[in-house]
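To keep things clear, I will list the structure first and then write my remarks on it.
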Protein chains: 2
Amino acid sequence: MDITTFSALAEPNRLRIVELLLDGPLPVGAIAERLELQQPQASKHLRVLLDAGLVEVQAMANRRNYKLRLDPFQELDAWLKTYRVVWDERFDALENYLQKLKLKEHNTNSNSGGIRNDIQNDN
Amino acid sequence: MDITTFSALAEPNRLRIVELLLDGPLPVGAIAERLELQQPQASKHLRVLLDAGLVEVQAMANRRNYKLRLDPFQELDAWLKTYRVVWDERFDALENYLQKLKLKEHNTNSNSGGIRNDIQNDN
DNA sequence: TAACAATATTCCTTGACAGGAATATTCCAT
DNA sequence: ATGGAATATTCCTGTCAAGGAATATTGTTA
């Protein structure tokens with residue numbers, strides 16, 4: 001997973017720009033106006049987004065038209081996908097564990113509320 | 001979309017921690033060792049992840065066991081989902097456009113390679 | 001070419017953040 | 001209570017990024 005995607009989106013105004021561009025490409029001026037940013041700051045943020053590959057630009061006469069790029073979001077999506085799988089597994093494991101615990105609880109009272117106390121340290 | 005998720009993941013070592021925790025919960029020492037971090041830095045990064053809600057901690061005797069939390073990733077996933085929809089729409093629109101263009105290209109040669117030149121500015 | 005519109009870049013200052021080193025805290029065992 | 005292990009916090013310093021203001025650049029039009 002490319003970290004620059006995260007750092008690009010970690011800035012509030014940049015995230016706002018991205019969400020604005022969701023409605024379609026826009027030139028710098030329109031972005032600055034709608035988000036109430038100074039034009040230079042808008043340009044600077046767009047530069048960062050451009051370098052991060054989140055956005056592409058297309059020159060149209062005087063205007064520079066900024067448009068969302070799909071790739072980084074797809075990468076993000078793929079990254080998340082691996083997490084989803086693991087969660088499903090873990091959720092099942094947790095359910096099993098709680099099931100056993102519930103039964104056990106009727107007898108002893110040791111380790112109440114504990115989860116995964118079988119951690120091993122390979123120092 | 002909560003920005004703190006992005007800023008938390010924007011730091012390389014923190015992203016490594018998250019990916020490490022994918023294999024299951026770990027105490028600070030193990031994390032520091034595997035990622036070759038100083039223990040204090042590991043603690044500090046875990047603090048940030050904790051504040052961002054990416055991780056939860058469970059005290060076990062001397063050890064503090066850190067474990068991934070699902071919520072922020074689910075939120076991220078939901079956020080991405082809205083993007084996917086828009087992309088599909090846009091992709092279709094693009095395909096249509098290219099289709100028309102291809103046919104047109106056989107006759108005239110105007111506007112070759114152009115994409116969406118119908119941008120309008122509502123200033 | 002001159003004036004103008006749209007955008008980009010530079011310089012400056014300030015605040016946030018990461019790592020290193022030292023120290024504090026917490027919990028267990030004896 | 002004392003010592004020690006695991007972890008957290010603090011202080012310090014250097015780096016980096018963001019906003020403001022001014023200016024440079026690029027393209028258009030008369």
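Throughout, a chain's letter reflects where its sequence line sits, starting with A, and its residues are numbered from 1.
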Problem - Integer-rounded Å distance: dT7(D) C1' and I31(B) CD1 - result: 11 Å
Problem - Any R14(B) side-chain N or O less than 4.0 Å from OP1/OP2 of dA18(C) - result: yes
Practice task
Using only side-chain N and O atoms of R47(B), determine if any of them is under 4.0 Å from OP1 or OP2 of dA8(D).
Solution key: no
Fill in the blank from the handout: Of Q41(A) and N62(A), the one whose closest nucleotide on DNA chain C sits nearer the 5' end is N62(A)
Practice task
In whole angstrom, give the distance that lies between atom CD of E33(A) and atom P of dT7(C).
Solution key: 11 Å
Completion exercise
Y66(B) has its side chain closest, among dA8(D), dG19(C), dA18(C), to dA8(D)
Exercise for the section: Starting from P on dA18(D), measure out to CG on L46(A) and report it in whole angstrom. Expected result: 13 Å
Problem - ILVMFWY network linking V48(A) to I3(A), side-chain heavy atoms under 4.5 angstrom - result: no
Handout entry: Integer-rounded Å distance: dA21(D) C1' and Q38(A) CD
Key = 9 Å
Handout entry: Of the listed nucleotides dT7(D), dT7(C), dT10(D), the one nearest the side chain of K44(B)
Key = dT10(D)
Practice task
May I have the step-by-step check of ring-ring contact (aromatic ring centres under 6.0 Å, His included) for F6(A) and W79(A), ending in yes or no?
Solution key: CA-CA 12 Å; F6(A) 288 133; W79(A) 185 70; 5.6 Å; yes
Completion exercise
L50(A) atom CG is separated from dT7(C) atom C1', nearest whole Å, by 13 Å
Practice task
Report yes or no: is there a donor-acceptor pair, N or O only, under 3.5 Å between the side chain of E11(B) and the base of dA18(C)?
Solution key: no
Problem - Separation of atom CG in L26(A) from atom P in dA6(C), rounded to whole Å - result: 15 Å
Practice task
Taking all heavy atoms of T4(A) and all of A52(A), pick out the closest pair and write down the distance.
Solution key: O-CB, 4.1 Å
Fill in the blank from the handout: Nearest heavy-atom approach of L35(A) to R16(A) is O-NH2, 3.2 Å
Problem - Any R64(A) side-chain N or O less than 4.0 Å from OP1/OP2 of dT7(C) - result: no
Problem - Length of the CG-C1' vector between D51(B) and dT9(D), whole Å - result: 13 Å
Problem - Minimum-distance nucleotide (side-chain atoms of P40(A) versus dC11(D), dT7(D), dA21(D)) - result: dA21(D)
Practice task
Starting from C1' on dA16(C), measure out to CZ on F6(B) and report it in whole angstrom.
Solution key: 20 Å
Practice task
Give a yes/no on whether any side-chain N or O of H45(A) is located under 4.0 angstrom from OP1 or OP2 of dG19(D).
Solution key: yes
Problem - F73(B) side chain reached by E75(B) side chain, heavy atoms, under 4.5 Å - result: no
Handout entry: Residue Q39(A), side-chain atoms from C-beta onward, closest of dG19(D), dT7(D), dT7(C)
Key = dT7(C)
